Amino acid sequence: MKNDEVMTIAKKRGFLWSSFEIYSGVAGFFDYGPLGGTLKNKIMEKWREYYVIGEGFFEIESPTIMPEEALKASGHVDHFNDPMTECKDCLNVFRADHIINEATGKDVEGLPNEELSRILSEEKLSCPNCGGPLTHVWSYNLMFQTIIGSKGKQTGYLRPETAQGIFIPFKRLLRFNRGKLPFGVVQLGKAYRNEISPRQGVIRLREFTQAEVEIFVDPRDKTHPRFHEVAEDTLNLYSAQSQTDEGDSVKYTAQKAVDDGIVSSQILTYQLCLALRFLKDLGIPEEVIRFRQHLCNEMAHYAIDCWDVEIETDRYGWIEIIGIADRTDFDLKSHSKHSKEDLRVFIEYDQPKTVKKLVAKPQMKKFGPLFKADAPKIMEALKEMDASQIKDSFQESGDYPLEIEGKTHILTPYIIDFQEVEETVRGEKIFPHVIEPSYGIDRIIYSVLLHCFHKEGDRTILKLPADIAPVEVNVFPLVNKEELATVAWGIRDELRREGLIAEYDASGTIGRRYARSDEIGVPYAVTVDHQTLEDDTVTIRNRDDSKQVRIPLEDVYMTLGSLIYLKTEFEELY
RNA sequence: GCGGCUGUAGUCUAGUCUGGUUAGGACUUGGGCCUUCCAAGCCUACGACCCGGGUUCAAAUCCCGGCAGCCGCACCA
């Protein structure tokens, strides 16, 4: 169905509406209503079935407020800060660094705003649109800032993604997994971005829910042990090549996508397949799903390969609902550097290697007095480097200039001895690469609603898969007579005791109740009629074709339970 | 963040230009009647001028500001 119709019904029936309505609302914030809340929880629960249960990834939960240092390391403090300038004449707003870069070719990324303002005026740069004068440069930061503690000493931010909460405790997570790769960790939760002008409903929110997975793998082994399970799955791939050639998306089996090198690795392809299976399980038809590869200039500089799972919409075109990226070792390396914690993993070789090595040994009696305070740094550098380089240099020129932090120290044979040593190396320390499937839950809910709502004649049916329906069973008395109502109440209560989400409705006529029930996606309705009083049978009505079967009262729960959770087909009841 | 248009019950809408009775209607919803299976009918009830300020004897109506929505521009690690 169309965006506008879906959003109208979603609001009317209690799935979604914009927040703070009685105070005029605030752009970029949405409430999930009574049905939306349950639908969202069920979708998140299904997601857990896939990733936590199916893949064996553990779930963690980290704070939504993060200290500045952590987000400096991730790059968000610097990168999320866009320098802006405005044309005083035509009032267009531009990225100041982009204007300078285009006009002068200089890379000015990361320069302070004052500096950018100075360059704009020195270079006499003007508005690329109308040639008018530009204002001073100001920052627009997409993160919500706050203050941690009463004295306000520490700057905090609301997290712009849940992923960082997984990278930061990596050492503990690695230890939890007994030091072995690969392993995956997930987090579901809220993330926040202060979007400049969010105007696409639930597609662009300032507070939104993510479900993210970080899979830590050995960079040299990006295969997947269960790849054969998905090898024959069909993926609708819109590769970077196709996009550049203005081509179309092409269907590949997962196997062929790997063999032809369309997707960079087996494990990434496996993740694409898993995402597709999940979306189909939510009732999103395959025809409206495609995988679009990021173009080189679009991809973060550190990523190897990145695919967006996109859904076709009438209103917004193809929208990204999941991003699946190979982020390499960027995040861990960066946190390692900023926190000075070693976030590498020790990987043991199959066979220990014995290596012969030339070691430079400083003669400490001479070394210390000569270099004084610099001595420890020089020793550290000697340990790291290949000593044969120094020996060669001694033979050629008699000395070796060693540069440390901009200072050159002259090493001479007088203070260095060489020693041939044999070392047994059992393995090496490496930064794992990270495969990151990142789901936008709100966008997925939107996609589910958009593609599960169907118009049939003048009625609207929300064809949700039974197990994610926010109301699972409606129980109706055929007409509003006390004898029938009593039985219906009893059935509803029994179903609730058994754990099904069941509602009772006697208002209006039976037809109206079926219509309402269809519109909120209740998969099955139990109707109590006069025959029930005679022979203890009721009818079960199937939402999608409004067909009914009559079953004994005592079988109601078992029948509905297996229809909803064991995916029994309704036709099997005929 | 800029410009244009818009804002009346849950929804759609009349009234706004030209200020003046109790803001009218339809659908929906609640209660009742009727009713033996898909939004029927009858009775009845609830429910609104986006927020703030100004002009005026009087503001849904005119003016200013804010907020929100739509469209265009810009932005979207």
Side-chain angles (χ1 to χ4, degrees), chain A residues 3-5 7-9 11-14 17-29 33 71 74-96 98-99 109-110 127-130 135 138 140-143 160-161 163-164 193-201 203-206 298-303 315 319-320 323 327 330 456-461 476-481 483-484 505-519 525-534 538-539 541-543 545-548 550:
Chain A
N3 173 79
D4 295 4
E5 300 169 292
M7 290 311 282
T8 300
I9 299 173
K11 194 195 274 186
K12 178 170 84 172
R13 292 301 186 195
W17 53 67
S18 50
S19 302
F20 318 116
E21 272 182 327
I22 64 166
Y23 299 109
S24 296
V26 181
F29 295 94
L71 291 161
S74 69
H76 287 93
V77 169
D78 299 322
H79 229 129
F80 239 32
N81 227 332
D82 292 338
M84 311 291 281
T85 182
E86 185 183 351
C87 170
K88 289 175 185 168
D89 285 348
C90 70
L91 301 172
N92 275 313
V93 176
F94 305 96
R95 284 276 295 267
H98 287 184
I99 288 187
E109 205 181 308
C127 171
N129 184 39
C130 73
T135 66
W138 77 92
Y140 187 81
N141 194 303
L142 250 38
M143 288 196 292
E161 58 177 25
Q164 297 305 325
R193 296 178 190 185
N194 200 1
E195 300 288 351
I196 296 174
S197 176
R199 257 193 287 181
Q200 299 165 73
I203 300 304
R204 190 164 219 84
L205 292 172
R206 287 187 165 126
E298 177 181 12
M299 197 154 51
H301 63 275
Y302 47 80
R315 179 69 189 273
I319 56 162
E320 174 198 354
R327 297 175 64 99
F330 173 81
E456 288 181 12
D458 51 357
R459 49 204 304 160
T460 306
I461 307 180
F476 303 135
L478 182 61
V479 289
N480 203 359
K481 287 270 193 294
E483 319 84 88
L484 301 183
D505 185 3
S507 88
T509 61
I510 189 71
R512 187 174 285 274
R513 283 176 258 151
Y514 286 145
R516 263 202 298 257
S517 181
D518 290 342
E519 195 169 280
V526 174
T527 307
V528 177
D529 55 18
H530 282 265
Q531 195 179 328
T532 308
L533 302 178
E534 289 158 20
V538 291
T539 60
R541 172 185 178 274
N542 186 30
R543 174 195 66 202
D545 56 13
S546 65
K547 291 207 171 114
Q548 288 175 297
R550 187 168 282 277

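Quick note on labels: first sequence line is chain A, next is B, and so on, each numbered from 1. Note: hydrogens, waters and symmetry copies are ignored here, and every other heavy atom, side chains too, is used. Worth saying up front: this structure is predicted, and the values here are computed from it rather than measured.
Base pairing annotation: B:rC17 forms no Watson-Crick or G-U wobble pair, as no partner gives both donor-acceptor distances under 3.5 Å. When both distances must be under 3.5 Å, the Watson-Crick or G-U wobble mate of B:rC62 is B:rG54. Under the Watson-Crick or G-U wobble criterion, with both distances below 3.5 Å, B:rA40 is left unpaired in every strand shown. The partner of B:rA68 is B:rU6, judged by Watson-Crick or G-U wobble contacts that both fall below 3.5 Å. Shown here, B:rC34 forms no base pair; nothing in the strands shown gives a Watson-Crick or G-U wobble contact with both key distances under 3.5 Å.
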Name the pairs: protein N/O against N/O of nucleotides 43-49 of chain B, kept only if under 3.5 Å.
none

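A:E161 comes within 4.0 angstrom of a nucleotide base, judged by non-hydrogen atoms across all strands.
In this structure, CZ on A:R543 lies 8.0 Å from CD1 on A:I461, to the nearest 0.5 angstrom. Atoms CG and CG, from A:D505 and A:N480 in turn, are 9.5 Å apart once rounded to the nearest 0.5 Å.
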Go through the steps to decide whether A:Q200 and A:E195 satisfy the test side-chain contact (heavy atoms from CB on, under 4.5 Å), and finish with yes or no.
-> CA-CA 11 Å; A:Q200 299 165 73; A:E195 300 288 351; over 6 Å; no

B/S/- contact track for nucleotides 31-40 of chain B, protein heavy atom under 4.0 Å = S---BBBBBB

Could you encode protein contacts along nucleotides 67-72 of chain B as a string, one character per nucleotide from 5' to 3', using B for base contact, S for sugar-phosphate-only contact and - for no contact, with a heavy-atom cut-off of under 4.0 Å?
-> SSSSBB

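Counted by atom type alone, A:R516 and A:S507 present one or more donor-acceptor pairs between their side chains at under 3.5 Å.
The aromatic rings of A:F476 and A:Y514 sit perpendicular to each other, their planes meeting at more than 60°, with 30° as the lower class boundary.
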